[in-house]
Amino acid sequence: MATTVCLLIWVVFITDSVWTRTVRQVYEVHDPEDFNEQDFDCPRECFCPPSFPTALYCENRGLKEIPAIPSRIWYLYLENNLIETIPEKPFENATQLRWINLNKNKITNDGIERGALSQLKKLLFLFLEDNELEEVPSPLPRSLEQLQLARNKVSRIPQGTFSNLENLTLLDLQHNKLLDNAFQRDTFKGLKNLMQLNMAKNALRNMPPRLPANTMQLFLDNNSIEGIPENYFNVIPKVAFLRLNHNKLSDSGLPSSGFDVSSILDLQLSHNRLTKVPRINAHLQHLHLDHNKIRNVNVSVICPATSTLPADQDSFSYGPHLSYLRLDGNEIKPPVPMDLMTCFRLLQTLII
């Protein structure tokens, strides 16, 4: 139990430390006295708060073009406008930008001038959700840590797009039009520090190939994935949170070892086509199996036999660490097997 708790704390700590480090970098406080009068030039279309001189607020203003960005700006808010293009010129003096929010505009790939984004050498966060992109934009600055591209029309990832993004920790591609043919074996090459990958709500039938080795959170909900290759998780030995809800997974589509992966702490398999509980690891803490076709729960599959315990161990310290198990929406008939409850001594929530 102590080992599992420590692992969970480690995962949370690592994820939080990346976020904290980034936030600390982005939200560095500046004294208004650090700027001269010329630095306070503000585009007439936008709002420049005197108490926050490094921010430029241009959202919800019906803008069709990006105004010239002053050199002092770190945080640029342009969401919910009518912007179609990202040219180089507005950013020629914006060498300090850390954060750009261009969500909910009409930006297309043809509208992004080559070099407009890659010239921003200090950019950490780029938000381009709810636009008209059909492929992942490229080139992007090497400094980038988070790329948010949800709810576009992305169906292509040009070769080499991620090759220089070694600092990227989060990639959000959910709710796009990705098919299996969008990926090559080297698509994700270069993403050495990627921790969260979200490709939910696409049109994938297979698991994406050769994911970055440091991936800890993998979200593939609402696709049409039918199976998982043997040894798939060997490539991502640190994955801790795996979401495959609303797919087409069947018993025959799972690897022979199931999800017996020691790093996985949270496994979500709701709304699939499973007829039995897959094999899991004793370190798993949260398991979602609701709304499948499961009729019987074979306790021996998910509970190690207590007869095999070492002499100096008891089932409480050595056995499964599940604290949350969801089985509702299946075809399980009462009564609930008592040995199921006995097995999971740490179980706090059982929904059946």
Side-chain angles (χ1 to χ4, degrees), residues 84-86 100-103 105-120 123-229 232-233 235-236 238-239 242-244 247:
E84 297 181 0
T85 63
I86 304 179
I100 299 179
N101 190 334
L102 277 159
N103 291 344
N105 279 282
K106 299 180 180 297
I107 298 168
T108 63
N109 288 97
D110 290 339
I112 303 176
E113 186 175 356
R114 186 172 182 82
L117 296 172
S118 59
Q119 68 177 327
L120 305 174
L123 190 65
L124 300 175
F125 290 79
L126 178 58
F127 297 83
L128 284 166
E129 298 177 350
D130 298 287
N131 277 280
E132 303 292 329
L133 299 174
E134 295 183 357
E135 63 181 44
V136 177
S138 179
L140 295 169
R142 184 183 297 272
S143 57
L144 203 62
E145 293 189 359
Q146 292 197 18
L147 178 59
Q148 309 267 3
L149 298 173
R151 294 175 299 280
N152 277 274
K153 301 176 181 179
V154 175
S155 62
R156 299 185 300 276
I157 304 176
Q159 189 169 12
T161 295
F162 303 125
S163 60
N164 71 324
L165 299 184
E166 58 189 30
N167 294 304
L168 199 70
T169 60
L170 184 150
L171 175 59
D172 190 346
L173 286 164
Q174 67 172 305
H175 215 305
N176 277 284
K177 296 185 177 182
L178 291 170
L179 298 168
D180 294 330
N181 60 12
F183 306 105
Q184 307 299 319
R185 287 185 63 83
D186 62 349
T187 294
F188 298 102
K189 186 177 181 180
L191 298 177
K192 299 178 181 179
N193 291 297
L194 192 73
M195 296 174 62
Q196 183 183 118
L197 177 59
N198 191 340
M199 290 190 289
K201 295 186 178 181
N202 279 279
L204 304 179
R205 297 187 64 183
N206 296 291
M207 300 289 284
R210 303 294 297 181
L211 296 182
N214 285 318
T215 303
M216 298 175 67
Q217 302 177 31
L218 178 59
F219 305 143
L220 293 166
D221 313 81
N222 293 92
N223 280 281
S224 297
I225 296 172
E226 299 176 348
I228 301 174
Y232 182 82
F233 299 108
V235 181
I236 46 175
K238 298 180 181 179
V239 63
L242 178 61
R243 290 198 333 221
L244 283 159
N247 277 283

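This one's a predicted model, so the numbers in the text were calculated from it and none came from an experiment. Residues: numbered from 1 along the sequence shown. Scope of the values below: all heavy atoms of this structure, side chains included, with no hydrogens, waters or symmetry mates.
In this structure the side chain of Leu211 reaches within 4.5 angstrom of the side chain of Leu218, judged on heavy atoms. Inter-residue side-chain proximity for Ile100 and Leu120 is flagged as met; some heavy-atom pair is nearer than 4.5 Å. Between Leu178 and Phe183, the closest side-chain pair of non-hydrogen atoms falls below 4.5 Å. The shortest side-chain heavy-atom distance between Leu204 and Leu179 does not fall under the 4.5 Å cut-off. The side-chain heavy atoms of Thr85 and Ile107, taken from C-beta on, include no pair separated by under 4.5 Å. Looking at heavy atoms from C-beta onward, Ser118 lies out of side-chain contact with Leu140 at the 4.5 angstrom threshold. A 4.5 Å side-chain heavy-atom check between Phe233 and Ile228 finds at least one atom pair inside the cut-off. For the pair Phe162 and Lys192, the minimum side-chain heavy-atom distance is 4.5 Å or more.
Rounded to the nearest 0.5 angstrom, Asp186 CG and Ser163 OG are separated by 9.5 Å. Going from atom CG of Asp130 over to atom CG of Leu102 covers 12.0 Å, rounded to the nearest 0.5 Å. In this structure, CG in Leu220 is found 5.5 Å from CE in Met199, a value given to the nearest 0.5 Å. Rounding to the nearest 0.5 Å gives a distance of 5.0 Å between CD of Glu129 and CD of Gln148. Note that the CD atom of Glu135 and the OG atom of Ser155 stand 8.0 Å from one another [nearest 0.5 Å].
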Item to complete: Run the numbers on Phe219 and Gln196 for side-chain contact (heavy atoms from CB on, under 4.5 Å), then give the verdict.
Response: CA-CA 8 Å; Phe219 305 143; Gln196 183 183 118; 3.8 Å; yes
Worksheet item: Can Glu134 and Arg156 be said to form a side-chain contact (heavy atoms from CB on, under 4.5 Å), step by step?
Response: CA-CA 7 Å; Glu134 295 183 357; Arg156 299 185 300 276; 4.0 Å; yes
Practice prompt. Would you check, one step at a time, whether the test side chain to side chain donor-acceptor pair (under 3.5 Å) holds for Asp180 with Asn206?
Written response: CA-CA 7 Å; Asp180 294 330; Asn206 296 291; 2.8 Å; yes
Item to complete: Start with the C-alpha distance between Leu147 and Leu170, add both sets of side-chain angles, then the distance that settles side-chain contact (heavy atoms from CB on, under 4.5 Å), and finish with yes or no.
Response: CA-CA 6 Å; Leu147 178 59; Leu170 184 150; over 6 Å; no
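Taking the side chain to side chain donor-acceptor pair (under 3.5 Å) definition, one finds that Asn214 meets it with Lys238, sequence neighbours left out. Glu132 meets the salt bridge (Lys or Arg N to Asp or Glu O under 4.0 Å) test with Lys153; sequence neighbours excluded. Under the rule for a salt bridge (Lys or Arg N to Asp or Glu O under 4.0 Å), Lys189 has no partner lying at least two apart in sequence or in another chain. For Arg243, the salt bridge (Lys or Arg N to Asp or Glu O under 4.0 Å) partners at least two apart in sequence or on another chain are Asp221.
Summarising the geometry of Leu173 relative to Val136, their closest heavy-atom pair is CD2-CG2, 4.0 Å, with the distance given to 0.1 Å. When all heavy atoms of Asn222 and Asn247 are compared, the closest pair comes out as N-ND2, 4.1 Å. The shortest non-hydrogen separation linking Thr187 to Ala182 is OG1-O, 4.2 Å. A pairwise comparison of heavy atoms in Leu194 and Leu197 identifies CD2-CB, 4.1 Å as the closest pair. Between Phe188 and Pro208 the shortest heavy-atom distance is CE1-CB, 4.5 Å. The two residues Leu191 and Leu165 have their closest heavy-atom pair at CD2-O, 3.4 Å.
A donor-acceptor pair under 3.5 Å is absent between the side-chain atoms of Asp110 and the main chain of Thr108, judged by distance alone. Checked by atom type and distance alone, the side chain of Thr169 pairs as donor or acceptor with a backbone atom of Glu145 at under 3.5 Å. Checking side-chain atoms of Asn164 against main-chain N and O of Gly190 turns up no donor-acceptor pair under 3.5 Å. Judged by distance alone, with hydrogens and angles left aside, the side-chain atoms of Asn223 form a donor-acceptor pair with the main-chain N or O of Ala203 at under 3.5 Å.
With no hydrogens or angles considered, no side-chain donor-acceptor pair links Asn131 and Asn105 at under 3.5 Å.
The stretch residues 164-179 participates, sequence neighbours left out, in these salt bridge (charged side-chain N to carboxylate O under 4.0 Å, His left out) pairs: Arg142-Glu166. Note on residues 201-215: pairs passing salt bridge (charged side-chain N to carboxylate O under 4.0 Å, His left out), not counting sequence neighbours, are Arg205-Glu226.
Other residues, nucleotides and ligands contribute at most 12 non-hydrogen atoms within 6.0 Å of the CD atom of Gln159.
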